[in-house]
Structure formats: C-alpha cells, structure tokens
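This one's a predicted model, so the numbers in the text were calculated from it and none came from an experiment. Each chain gets a letter, A, B and so on, in the order the sequences are listed, and its residues count up from 1.
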Amino acid sequence: LYSLNTLMCCYCQLNRVDLAFSVLGKIIKLGFTPDSVSFNTLIDGLIHVGKLEQALQLLTKAVEVGGLQPDNFTYGALVKGLCRKGDNAAALSLLRYMEEDQENDQLHGGHLGSSMPNLFIYNTIIDGLCKDKLITEALNLFSEMKNKGVSPDVVTFNSLIRGLCNLGRWEEAREKLNEMLALNVAPNVLMLNTLVDMFCKEGKVADAMDMIELMVKRGFTPDIVTYNTLMDGFVNAGKLRDAVKLFSGLLAEGLQPDYYTYNIMIKGLCKDGLLDQAKELLTIMQELGCSPDEFTYNAIIRGFLLKNDIPNALQLRDIMVSKGFATY
RNA sequence: UUAUCUUUUU
C-alpha cells in the first residue's frame, strides 16, 4: 500500500489525477484497503487541478464507505481549495468546524482521534487572507493561533510580511520581521525572495541587492528564484544592462536558468526593442530544453507590436495557436 | 508514502 500510495502521489504531482484514480482501483483490486493517505492524496490532487466539487464528493464517499476520518491533511487540502477560489470565509468556517468537531470528540473520550487545526491550516488561511488584502483578518487569526498554542513559523511570517508590504505598511512589516527573529524563527530563502521582490516592486532595486548581500554574508545561498526576481526588478527599472550582466553571471556560475529566467530576459529585451536578441534567446532556451510558454510568446508579440511590426506579431501568434496556446 | 509561503505576459 505504501508503494501504491507513493505512485498515486507521483501521478497527482504530475496533475494526472485520472491515473491516480486508476491506482486506487488497483489498490482495491489487490485486496488492500485504501487508507487516509490514499484518500488525502486523491483529494489534494483533485483540488490541485481545481476540481473542488469532485474532491468534496470523494470526501463524502471516503467517509461513508471508506471509513475515512478526516485529519489535518484532509482539511488542509480543502482549506487550500477554498482559499484559492477566494472563499476565505468558507475556509474559516471549516477551521471552526474542526475545532467543534475536536471538542465534541474530546467530550466523548476522544475516540475519533480528531485533532485541532494545526500550523498548516492556519498558514493556508492566513496566506489566503493576505493575498486578498484582508490583512486585519489575517492578523487576527495570527493572534488567535498564538493564543491557542500554535506557534507561527517562517511561512506564517512570510505571508504576513508580504501582505503588509503589498499594502504599503512597511513599518508593520518590519515589526513582524523583528518579531519573527525575536522568536528565533529562522528566515529561509523563500522569505529572502519575498523581500527582494517587495523591494523590487517598490523600485528599490539597490535595497534588494543589499538584502541579498546581507543574507549571503549570513550564510544563505540565493537560488534561481532570487536571481529571477532581481533580474525582473532590473528589467522593470529599465536597467537592462544590469539584467544582462546578472544573466551572464548566472551562466558563468553554472546556475541553471529556468523558464522564468528566460521569460524575464526576453521581456526585457523586447521592452528595449531588441527583438533579434529576444528571438535568439528563444532559440537558445529551446536548445537547452526549456520550452517557451504563453508568457514567452506574449512578451515577444508585445515587442513586435511595440514596433508596429504587425506581420511578425501575427506570425508568432500563429505559432502559438499551432502549439495549442490560448491567444487574444 | 499525503498538506501551507516566493519570481515572469495581459
């Protein structure tokens, strides 16, 4: 069952829930009983591809005939699905439901083994609220979790800091960062990347670079996302030279560019009307096994349109269509 | 063996 669950998980990560379901069939045929990992994996897989309704149907069935006792993994998947469609209220209701369920279970001796919402649940909802700019609600939930004995981690703080920055509430963001450090919660690369992005989006590319330097001094290794973010900052600040320098630097250091890297560079080149070089990079990325996506093509098309080169823009649009991308 | 946070077009 272990191996079959792992296989299901792999299929789900490839967005092939259909294949994951065929593994479920196999599990049953082989005489195994699917466990909570099996069901949770499938529920999460369905939610990942946006099929919340089907996930709920499966949940009902799993509870009724599969004997599933929903746990933090199960609820976590549902909460994420709800937040992603912007229904933070429903996500919060689910959290309340978990609490009630657990309290009832406790009153009856705890036989169901249900548990209180854990850190993942809080983090997911807090992040959803922050993304919808409902920072007050997010901060309230943050206080609540602490009161209930759930310690926030770097993910919690990262969401809150980003939420505050997005609303221009820098001072409070800084306070949260200090609170985090005071709690001995270590920052991670994702947080560095968030902060770099926040600086860049504010046009403070120099501050972003300082931040990276500081973190490197403290022993952090920036990753490709860090550099992509900074590169995008350069591009948006009209500093194509610096972006190119960074790009060459990556190659020199043996860091693998990903499709974000190429898309950002191509966008930058197009912005400055350097379409030949953009197309050159398009060829290079394909040669290196990085397939262009709709972002890539749209960037180049916009570049052509900027030059009033309608024929080339249309030609590229045809290529996009032939590759099955949606176009305007 | 399953869950939460970061970067690219409009």
Side-chain angles (χ1 to χ4, degrees), chain A residues 1-13 20 23 27 34-45 47-48 68 70-81 83-84 91 117-128 130-131 138 150 152-163 165-166 187-201 208 222-236 243 257-268 270-271 292-303 305 320 325-328:
Chain A
L1 187 59
Y2 253 59
S3 345
L4 289 168
N5 279 344
T6 307
L7 182 61
M8 274 204 309
C9 180
C10 290
Y11 281 139
C12 285
Q13 275 165 10
V23 176
I27 288 177
D35 63 4
S36 59
V37 175
S38 324
F39 289 123
N40 289 340
T41 303
L42 282 170
I43 290 171
D44 187 60
I47 285 175
H48 198 85
L68 174 68
D71 58 12
N72 266 305
F73 286 93
T74 326
Y75 288 117
L78 295 175
V79 160
K80 184 165 167 61
C83 286
R84 220 178 32 191
N118 67 6
L119 178 64
F120 286 83
I121 305 284
Y122 283 105
N123 281 348
T124 306
I125 303 182
I126 287 175
D127 188 62
C130 287
K131 284 193 170 124
V150 180
D153 71 352
V154 62
V155 176
T156 327
F157 282 106
N158 196 24
S159 296
L160 288 172
I161 289 171
R162 185 167 33 76
C165 288
N166 276 333
N188 62 12
V189 182
L190 268 66
M191 173 161 277
L192 167 65
N193 295 342
T194 301
L195 294 171
V196 167
D197 190 43
M198 291 299 117
F199 279 127
C200 286
K201 293 277 176 354
D223 63 9
I224 187 65
V225 175
T226 320
Y227 293 119
N228 288 343
T229 309
L230 183 62
M231 207 180 287
D232 190 53
F234 282 137
V235 165
N236 289 330
D258 62 9
Y259 60 92
Y260 279 86
T261 321
Y262 292 111
N263 285 349
I264 292 165
M265 280 309 298
I266 287 174
K267 178 181 75 165
C270 289
K271 225 176 124 185
D293 59 12
E294 49 182 322
F295 290 85
T296 324
Y297 287 114
N298 279 329
I300 304 183
I301 290 176
R302 281 167 60 82
L305 291 178
M320 270 184 91
F325 289 114
T327 58
Y328 303 108

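Within 4.0 Å (heavy atoms only), Asp258(A) reaches no atom of the nucleic acid at all. Counting non-hydrogen atoms under 4.0 angstrom, Asp293(A) reaches nothing in the nucleic acid. The residue Asn40(A) sits close to a base: some heavy atom pair falls under 4.0 Å. Among the heavy atoms of the strands, none lies under 4.0 Å from Lys271(A).
The OG1 atom of Thr296(A) sits 11.5 Å away from the OH atom of Tyr262(A) when rounded to the nearest 0.5 Å.
Once you apply a 4.0 Å limit to the heavy atoms of chain A, the touched nucleotides of RNA chain B run 5' to 3' over rU1(B) to rU10(B).
Under the rule for a side chain to side chain contact (heavy atoms under 4.5 Å, CB included), the partners of Thr194(A) that lie at least two apart in sequence or sit in another chain are Asn158(A), Arg162(A), Met198(A). In this structure, the side chain to side chain contact (heavy atoms under 4.5 Å, CB included) partners of Ala299(A), at least two apart in sequence or on a different chain, are Ile266(A), Lys267(A). Annotation: ring-ring contact (aromatic ring centres under 6.0 Å, His included) contacts of Tyr297(A) (sequence neighbours excluded): Phe325(A). Residues that satisfy the side chain to side chain contact (heavy atoms under 4.5 Å, CB included) test with Asp223(A), not counting sequence neighbours, are Val189(A), Asn193(A), Val225(A), Thr226(A). Under the ring-ring contact (aromatic ring centres under 6.0 Å, His included) criterion, Phe234(A) pairs with no residue at all, not counting sequence neighbours.
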